[in-house]
Amino acid sequence: MLERARSRFLAMREPDREFRDLDRRTRRFVLGSMVTLFASVVLVAYLLPFGYMAMTALKSEQQISDPNRPLTPQSQVTVEVDGEEAPLLAVPLPDGSTRELALVQPGRQESTFVDPDTGEEIVWEGAWRQLDPAYELDLQFDNFTRAWETLDFVRLLRNTGIIAGVGMALSVISSTLVAYGISRFRIPFTGLIMGSLIATIILPKFVTLVPTYAVFERLGMVGTWWPLLIPHAFANAYNVFLLRQFFLTIPRELDDAAAIDGAGPIRVLWSIVLPQARPAILAVAMFHFFFAWNDFFEPLVYLAGNRDLLPISVGMYDFLGLYDSQQELVQAGALLGMAIPVLIFAFGQRFFLKGIDLSGALK
């Protein structure tokens, strides 16, 4: 009797359990759909400026100035009639159809069109300026060639590569040594040292600009790359913090085992720590490379007297001042300047994101 009552009770509760499971799955699906929709909207909003930049870079000056211009790079279609070019317009005819005809004789009250397929002349009454022109896709890849030559892009690319590459190497080496020392050795006032380093992150660059410029001016280095490279040889607070957090996740027992085999601190760093910290080091390297590639203010200040050493950021600023009215060249030059960082991030994003993720584990 008791077993029968228990079975009847469980059978009565079974629909409620199924309903709760269905409700839980529905809520999970709705929540996932909302998150996906929000991420898609943010992605589209983020990529819209880049899409507009690409479309503008592929247009001609005439396409940009066309009052009826479409969003994509398209030119108005013309056909040759009696040895002359005539625009092709969408003309509504009395029978209710619309045909694309070539305008050969415009007029105020009536205009003469020619059918490009049959050669038939058609007199149409109305204002021809209100007709929609026919367009066809016309990509202007020559804009990139013109921007490349006008910018002297090879020189700007060389300068930027040297500044970003050498600065990245100096920053990674110095930051790695400092982070290794703080994370693996007993140093007095380690907390105070790290707090001071982190405090420098919020210090504006403009606060130290005047005394730093005065020092490099006294040393005769203004107008050279040295003011842009030397500071990176003394580590960076953000890079040190990122690497230190990663080094703390590496077991110290590996250091002790290497020390028993006779390895010194430098050998431990080279053979034990660095191979395991490759993702974090690559993340730091990419962080600094992108920063140096996009840096504008310091090259503008220190290289103002030597135009041959300018990087892409300052060169693009000068280019914008000279060719402000030719937006197609400006946008093409901007895309050329963005190409290398975007490619580097696209091929190295797996290590980049892995390094950030693993370095965030505080200890």
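In this text, all values refer to a predicted model and were calculated from it rather than measured experimentally. The chain is numbered in sequence order, starting from 1. Values below: every heavy atom of this structure, side chains too, minus hydrogens, waters and symmetry copies.
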ask   = Going by heavy atoms in the side chains, are V91 and E100 under 4.5 Å from each other?
value = no
request  = Walk me through it: do Y180 and V268 pass the test side chain to side chain contact (heavy atoms under 4.5 Å, CB included)?
outcome  = CA-CA 10 Å; Y180 176 68; V268 171; 3.7 Å; yes
inquiry  = Donor-acceptor pair, distance only, cut-off 3.5 Å: does the side chain of R184 make one with the backbone of F247?
reply    = yes
inquiry  = If you count heavy atoms of other groups shown closer than 6.0 angstrom to CZ of F234, is the number above 12?
reply    = no
request  = Would you check, one step at a time, whether the test side chain to side chain contact (heavy atoms under 4.5 Å, CB included) holds for H288 with N236?
outcome  = CA-CA 9 Å; H288 184 85; N236 176 276; 5.8 Å; no
ask   = Counting distance only, does the side-chain N/O of N294 pair as donor-acceptor with the main-chain N or O of F290 below 3.5 Å?
value = yes
message = Determine whether a donor-acceptor pair (N or O, by modelled atom type, separation under 3.5 Å) exists between the side chain of W226 and the backbone of G220.
response = no
query = So, the side chain of W225 versus the backbone of L309: is there a donor-acceptor pair under 3.5 Å, distance only?
reply = yes
task = Taking atom CD of E85 as the centre, report whether more than 12 heavy atoms of other residues, nucleotides or ligands fall under 6.0 Å from it.
result = yes
ask   = Looking only at atom types and distance, does a side-chain atom of T112 sit under 3.5 Å from a main-chain N or O of W124, one as donor and one as acceptor?
value = no
task = State whether the side chain of Q63 and the backbone N or O of D138 hold a donor-acceptor pair below 3.5 Å, judged by distance alone.
result = yes
ask   = Would the number of heavy atoms belonging to other residues, nucleotides or ligands and lying under 6.0 Å from OH of Y46 be above 12?
value = no
query = Aromatic rings W148 and F153: how do their planes relate, parallel, tilted or perpendicular, breaks at 30° and 60°?
reply = tilted
request  = For the residue pair T224 and N306, establish whether any side-chain heavy-atom pair is separated by less than 4.5 Å.
outcome  = no
ask   = Does K59 reach the main-chain N or O of L71 with its side chain, forming a donor-acceptor pair under 3.5 Å?
value = yes
key: Donor-acceptor under 3.5 Å (S175 side chain, V172 main chain)   = no
request  = State, with a plain yes or no, whether a side-chain heavy atom of L177 is found less than 4.5 Å away from one of L269.
outcome  = yes
key: Test item: side-chain donor near acceptor, R267 and S271, under 3.5 Å   = yes
key: Intermediate values then yes/no, side chain to side chain contact (heavy atoms under 4.5 Å, CB included), Q76 and L89   = CA-CA 9 Å; Q76 188 172 348; L89 304 177; 3.9 Å; yes
key: Pair L88-T78, side chain to side chain contact (heavy atoms under 4.5 Å, CB included): steps then yes or no   = CA-CA 5 Å; L88 206 62; T78 60; over 6 Å; no
query = Between Q62 and S60, does any side-chain donor sit less than 3.5 Å from a side-chain acceptor?
reply = no
key: Spacing of OG1 belonging to T160 relative to CG belonging to L310, to within rounding of 0.5 Å   = 9.0 Å
ask   = How many angstroms lie between atom OH of Y135 and atom OG1 of T72, to the nearest 0.5 angstrom?
value = 10.5 Å
key: Any side-chain donor near an acceptor of the partner, T56 and Q331, under 3.5 Å   = no
request  = Mind checking the CD1-CZ spacing from I182 to F241? Nearest 0.5 Å is all I need.
outcome  = 11.5 Å
ask   = Got L303 and V314 here, is their nearest side-chain heavy-atom distance under 4.5 Å?
value = no
inquiry  = Could you check whether any side-chain heavy atom of V284 comes within less than 4.5 Å of a side-chain heavy atom of L243, counting everything from C-beta outward?
reply    = yes
key: L131 CG to R129 CZ distance, which is reported to the nearest 0.5 Å   = 11.0 Å
query = Is the count of non-hydrogen atoms from other residues, nucleotides or ligands lying under 6.0 Å from R252 atom CZ greater than 12?
reply = yes
request  = First locate atom CZ of F319, then atom CG of L151, and finally report the distance between them rounded to the nearest 0.5 Å.
outcome  = 4.5 Å
message = Can a donor-acceptor pair be found, under 3.5 Å and without considering hydrogens, that links the side chain of T150 to the backbone of A147?
response = no
ask   = Judged by modelled atom types alone, do N239 and S171 share a side-chain donor-acceptor pair under 3.5 Å?
value = yes
ask   = Does Q276 use its side chain to pair, donor to acceptor, with the backbone of I272 at less than 3.5 Å?
value = yes
Rounded distance [0.5 Å steps], CZ in F216 versus OH in Y302 = 5.5 Å
query = Would you say the side chain of L242 lies within less than 4.5 Å of the side chain of F246, judging by non-hydrogen atoms?
reply = no
